[in-house]
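Any value given below was found using the heavy atoms of this structure, including those in side chains, with hydrogens, waters and symmetry copies removed. Naming convention: chains lettered A, B, ... in sequence-line order (proteins, then strands); numbering from 1 in each chain.
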2 protein chains.
Amino acid sequence: MKKSRKSTLTDLAKAMGMNVSTVSRALNDHPKISSKTKAKVKALAEKMDYKPNPLAQGLKKQDTKTIGVIFPTFDTNFFFRVLKGIEKVMHDKGYQIIISTAGNSSIHEKEACQALSSYHVGGIIIFLSYDHDDPSFLIDIQDEGIPLLFMDRIYEEIDANYVVSDDFKGMFETVSDFIDKGCKNIVHIKGSEEVSTSFSRLQGYQEALREKGIEVNPDFIIKCEHESEVKSGLRKLLSKYSIEDIDLITCFNDYYAFQALELLKEKNISVPDDVSLLGFANDPLSTYTSPKLSTINQPAEHMGVQASYLLLDEIDKNRKGENYQYQTSMVNTFYLKRESTK
Amino acid sequence: MKKSRKSTLTDLAKAMGMNVSTVSRALNDHPKISSKTKAKVKALAEKMDYKPNPLAQGLKKQDTKTIGVIFPTFDTNFFFRVLKGIEKVMHDKGYQIIISTAGNSSIHEKEACQALSSYHVGGIIIFLSYDHDDPSFLIDIQDEGIPLLFMDRIYEEIDANYVVSDDFKGMFETVSDFIDKGCKNIVHIKGSEEVSTSFSRLQGYQEALREKGIEVNPDFIIKCEHESEVKSGLRKLLSKYSIEDIDLITCFNDYYAFQALELLKEKNISVPDDVSLLGFANDPLSTYTSPKLSTINQPAEHMGVQASYLLLDEIDKNRKGENYQYQTSMVNTFYLKRESTK
DNA sequence: CTGTTAGCGCATTCAC
DNA sequence: GTGAATGCGCTAACAG
């Protein structure tokens with residue numbers, strides 16, 4: 001293996017018979033460098049394929065042009081779509097993205113954060129997935145000057161930027177509309193208690209009923225820790241109620257809805273003729289089912305973009321020493337009609 | 001914002017009244033440091049929450065405990081699954097992962113590679129998506145001592161580790177089996193010429209027919225640059241041939257197969273009763289269609305794991321100065337029967 | 001066993 | 001306008 005070295009500032013300086021600092025300044029468009037010199041230096045830099053060493057730059061400037069992203073898992077497509085949005089913005093701005101997952105425990109999650117912070121990333125976008133009895137490590141990271149941006153979930157204790165999708169509103173408005181259109185008997189398949197989004201979506205459902213003066217039937221709220229529980233939950237419901245008693249089934253997410261769809265097919269219940277079915281998230285899968293799933297769109301990619309802008313803005317303000325006002329950005333969710341609803 | 005600085009080696013040294021290098025050595029378990037000193041230093045490091053600065057380390061050692069991964073896009077699930085495999089291994093070994101996409105041109109792809117190399121990543125896993133008339137920049141990166149591992153595609157000109165899935169074999173064996181079971185009239189919906197995997201899959205199809213003495217009907221090879229062309233391609237075929245003339249439709253990938261499935265439904269052609277349909281890749285979507293798609297499994301996550309091990313091995317051998325034998329790891333693909341085939 | 005020194009590549013303060 | 005010198009935080013070669 002040949003070990004041909006990259007050219008450095010010193011190499012350039014030698015080749016031109018100038019001082020390193022002059023070269024550095026020329027490359028950085030320092031005002032007090034003659035444009036002639038600048039041109040010459042830049043030409044040579046091009047020719048020698050000079051690329052500044054980001055490590056050295058980072059060490060010097062205490063700013064590494066990298067940001068960290070922490071996902072709970074790589075299991076759902078949602079994160080990948082968010083990542084796409086982040087990638088778009090960040091690479092455009094010359095940032096590299098370091099990714100991590102929270103593993104499967106709050107300890108791993110903490111470690112991932114700290115690893116990123118010790119890497120001196122410029123900021124961290126994080127989907128927190130565990131409850132930490134002691135979230136002070138997050139504040140420590142902020143204190144070290146690394147901005148944190150939390151996605152999808154709000155922590156009252158922590159002052160920071162947040163990007164969340166307005167799950168409540170999407171569900172609330174959609175269910176309200178269905179009620180206006182004459183639906184009365186609406187089921188909700190609820191997600192895990194551990195997940196905050198699960199709560200907002202349930203709330204949206206409940207509030208809509210309440211506001212329209214429909215009593216919430218506890219039987220109609222089916223709690224499923226995991227999508228694998230959906231079928232049995234629904235089966236139980238259908239042993240007590242006939243399908244004629246149900247107009248619409250709303251779900252925690254599209255995966256849940258798909259499980260419901262499969263069970264309904266097994267029972268020869270036609271969607272949407274016998275009952276409407278509504279997913280949540282607009283996961284790509286929702287276009288591959290038949291009937292195609294109506295769902296509530298959660299703009300994953302947009303959330304990534306939004307988060308990136310917010311984070312970069314904070315980084316920028318921090319560097320300039322300006323003071324920064326944290327923001328919580330609520331992105332809209334909305335009903336997306338496909339084939340599984342009437 | 002409080003700016004409580006991270007503690008550095010110097011801080012530790014001062015606090016202990018020792019020299020920086022002693023502290024450094026103690027932390028790195030240098031043999032010639034008394035275990036008493038080590039213990040004391042480590043205790044304090046813990047207490048002061050000392051974390052080495054990877055930038056400084058990288059600058060010094062020319063080696064950063066990071067690896068880069070370059071994807072063509074964030075559009076298909078396949079990459080996400082590969083990433084999952086990579087993540088698993090790499091974080092286990094204490095590496096951080098920096099991701100990039102190739103953007104939409106060979107120039108961006110080149111830039112992404114160079115950006116990563118200038119970050120002194122320990123190695124790069126890359127899905128090359130464009131043809132470069134001048135791939136010398138890749139060799140340059142290798143010459144700088146950064147191992148490259150290519151996924152999914154082999155470049156004769158470049159000596160390196162490769163991880164590819166044996167697409168030919170999977171398709172060849174599957175089609176052969178179908179012929180043995182009595183299928184004669186087999187269609188292949190072929191992917192873009194730009195994509196090398198497209199070629200291997202076509203080859204597998206053709207070879208199987210040839211070996212079984214079935215003449216390849218050119219009409220039965222439908223070329224589609226993109227999945228959006230599948231329906232029209234198939235429509236054309238069905239205007240010339242009746243569905244009774246076709247036993248099986250094989251596809252470049254699952255997305256193509258899904259398009260085919262939709263068209264067949266429109267035409268009231270039943271899958272698999274009237275015709276069998278075969279996807280490729282085992283994308284998660286294939287379990288959400290109805291009928292569920294039979295496909296050829298491409299073990300994405302395993303490919304990521306495999307690539308990681310190979311790359312880490314090369315990094316390790318390089319560091320130790322041992323010489324390294326490049327490998328090409330072919331991962332198996334195999335038929336996965338679901339509901340769309342008989 | 002531990003201290004001293006140098007240097008990785010760069011930006012920047014201070015001279016001139 | 002440009003050169004010289006310093007230091008970011010760390011490791012390693014050289015002393016002792």
Side-chain angles (χ1 to χ4, degrees), chain A residues 3 5-42 44-45 48-66 94 117-122 144-145 319, chain B residues 3 5-42 45 48-66 115 117-122 144-145 319 321:
Chain A
K3 262 270 193 179
R5 246 185 57 271
K6 266 190 219 301
S7 40
T8 70
L9 268 193
T10 322
D11 296 336
L12 287 191
K14 265 189 211 142
M16 307 208 54
M18 305 190 203
N19 190 285
V20 211
S21 54
T22 311
V23 178
S24 168
R25 282 188 280 239
L27 257 19
N28 291 315
D29 270 327
H30 188 101
K32 292 196 192 167
I33 295 285
S34 74
S35 47
K36 219 174 57 191
T37 316
K38 280 186 193 169
K40 266 199 297 187
V41 171
K42 285 182 182 170
L44 186 68
M48 293 181 57
D49 194 37
Y50 167 77
K51 299 262 172 28
N53 182 332
L55 265 51
Q57 283 186 150
L59 188 58
K60 184 76 209 178
K61 299 201 292 193
Q62 303 292 20
D63 164 34
T64 58
K65 284 282 199 175
T66 56
S117 107
S118 78
Y119 205 82
H120 287 249
V121 293
E144 284 163 10
R319 181 166 24 225
Chain B
K3 260 270 192 179
R5 245 185 57 272
K6 269 188 214 299
S7 38
T8 71
L9 270 192
T10 321
D11 296 337
L12 287 192
K14 265 188 212 140
M16 306 208 56
M18 304 191 204
N19 189 284
V20 211
S21 56
T22 310
V23 178
S24 166
R25 282 189 282 238
L27 257 19
N28 291 314
D29 269 327
H30 188 100
K32 293 196 190 165
I33 296 283
S34 74
S35 47
K36 218 173 58 193
T37 315
K38 281 186 194 171
K40 264 199 299 190
V41 170
K42 285 183 183 171
M48 292 179 58
D49 194 36
Y50 167 77
K51 299 264 170 33
N53 182 330
L55 265 51
Q57 284 186 147
L59 188 58
K60 184 77 209 177
K61 301 201 291 191
Q62 307 288 20
D63 164 34
T64 56
K65 284 283 191 174
T66 56
S117 105
S118 72
Y119 265 89
H120 287 253
V121 293
E144 284 161 11
R319 183 162 22 220

Quick one, [X] and [Y] - any side-chain contact, counting heavy atoms below 4.5 Å?
X: A:Tyr50; Y: A:Leu9; result: yes
X: B:Lys6; Y: B:Asn53; result: no
X: B:Lys32; Y: B:Arg25; result: no

Selection: residues 17-25 of chain A, any non-hydrogen atom under 4.0 Å of DNA chain C: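 Nucleic-acid contacts, sorted: A:Ser21, A:Ser24, A:Arg25.
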Atom pair distance, as rounded to whole Å: [atom1] in [X] and [atom2] in [N]:
X: A:Asp29; N: C:dC10; atom1: CG; atom2: P; result: 17 Å
X: A:Asp63; N: C:dA11; atom1: CG; atom2: P; result: 12 Å
X: B:Gln62; N: C:dC10; atom1: CD; atom2: P; result: 11 Å
X: A:Lys6; N: C:dG9; atom1: NZ; atom2: P; result: 11 Å
X: A:Lys32; N: C:dC16; atom1: NZ; atom2: C1'; result: 12 Å
X: A:His30; N: C:dA11; atom1: NE2; atom2: P; result: 13 Å

Sugar-phosphate only, base, or nothing, as touched by B:Leu59 at under 4.0 Å among non-hydrogen atoms: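 Base contact.
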Nearest non-hydrogen partners of B:Asp11 and B:Thr8, listed with the distance: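 Where B:Asp11 meets B:Thr8 most closely, the heavy atoms are OD2-N, 2.8 Å.
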Nearest-nucleotide 5' precedence on DNA chain D, A:Lys61 against B:Asn28: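 Of the two residues, A:Lys61 wins.
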N or O in side chain of A:Asn53 less than 4.0 angstrom from C:dC8 OP1/OP2: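 For C:dC8, OP1/OP2 do not have a side-chain N/O of A:Asn53 under 4.0 Å.
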Working to the nearest 0.5 Å, report the span between [atom1] of [X] and [atom2] of [Y].
X: B:Lys61; Y: B:Arg319; atom1: NZ; atom2: CZ; value: 7.5 Å
X: B:Ser34; Y: B:Lys40; atom1: OG; atom2: NZ; value: 7.5 Å
X: B:Leu27; Y: B:Leu12; atom1: CG; atom2: CG; value: 7.0 Å
X: B:His120; Y: B:Leu55; atom1: NE2; atom2: CG; value: 11.0 Å

First and last nucleotide of DNA chain D, 5' to 3', lying under 4.0 Å from heavy atoms of chain A: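 From 5' to 3', the first and last contacting nucleotides are D:dG1 to D:dG9.
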From C:dA11, C:dG7, C:dT2, nucleotide with atom closest to B:Lys60 side chain: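 It is C:dG7.
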Side-chain ion pair, B:Asp49 and B:Lys51, N-O less than 4.0 Å: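 Looking at B:Lys51 together with B:Asp49, the answer is yes, because their closest N to O distance falls below 4.0 Å.
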